Every structure is written in C-alpha cells, then in structure tokens.
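Just so you know, these numbers come straight off a predicted model, no measurement behind them.
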Amino acid sequence: MLRRHRGDGHVAALVCARIGGTEAHVLSALGHGIPPAQTFGRIHHLPRERLAAVMAVCASAG
C-alpha cells in the first residue's frame, strides 16, 4: 500500500498544478529533449487541433 501511495505522488503533484494528462506528456517529451513534442509516442496520434491547443497551453504557462 505504501509503495502504491508513493508511486502516485507525481499524479497528485500534476493535479495540484492543474496539469492534465496530455500536457504532462508534452512536458515529459520536452524534458527528455524530444523536439517537436508532438512526435512523442504517447501523444502523436492525437488530432492536430488537440495537440495545437495543448502546445498553446504549455507555451502560455511558460
């Protein structure tokens, strides 16, 4: 039980920062140096409009 609680700490931190799942994947891609982030395996299949909106949110947040 403790391991499970500890393992989900990153999810709690993201929720507190109001970062959604797709945004988290974009930030992860950028953190790993995967440019452009839209090519990251976990999000590349999303519609272009959705990816553009997520990228705009991430850019506006700095």
Side-chain angles (χ1 to χ4, degrees):
M1 187 68 156
L2 178 61
R3 183 168 191 241
R4 179 71 182 162
H5 172 75
R6 186 183 60 134
D8 287 342
H10 67 290
V11 175
L14 291 168
V15 169
C16 287
R18 298 180 185 254
I19 297 173
T22 307
E23 290 86 357
H25 286 297
V26 167
L27 294 173
S28 179
L30 294 171
H32 285 94
I34 302 172
Q38 297 95 320
T39 64
F40 188 48
R42 295 183 182 220
I43 59 173
H44 76 278
H45 66 282
L46 295 173
R48 289 181 191 197
E49 297 81 18
R50 173 73 178 131
L51 283 173
V54 169
M55 295 300 290
V57 167
C58 289
S60 69

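- Taking both residues in full, the closest heavy atoms of Ala24 and Ile19 are given as N-CG2, 3.7 Å, listed atom of the first, atom of the second, then distance.
- Heavy-atom minimum distance, Leu46 versus Leu51: O-CD1, 3.8 Å.
- Note that the CZ atom of Arg50 and the CE atom of Met55 stand 12.5 Å from one another [nearest 0.5 Å].
- In the hydrophobic clustering of ILVMFWY residues, with side-chain heavy atoms under 4.5 Å counting as a link, Leu30 and Ile43 come out together.
- Using a 4.5 Å cut-off between side-chain heavy atoms of Ile, Leu, Val, Met, Phe, Trp and Tyr, with links allowed through other members, Val26 and Ile34 fall into the same hydrophobic cluster.
- Inter-residue side-chain proximity for Val57 and Val54 is flagged as unmet; no heavy-atom pair is nearer than 4.5 Å.
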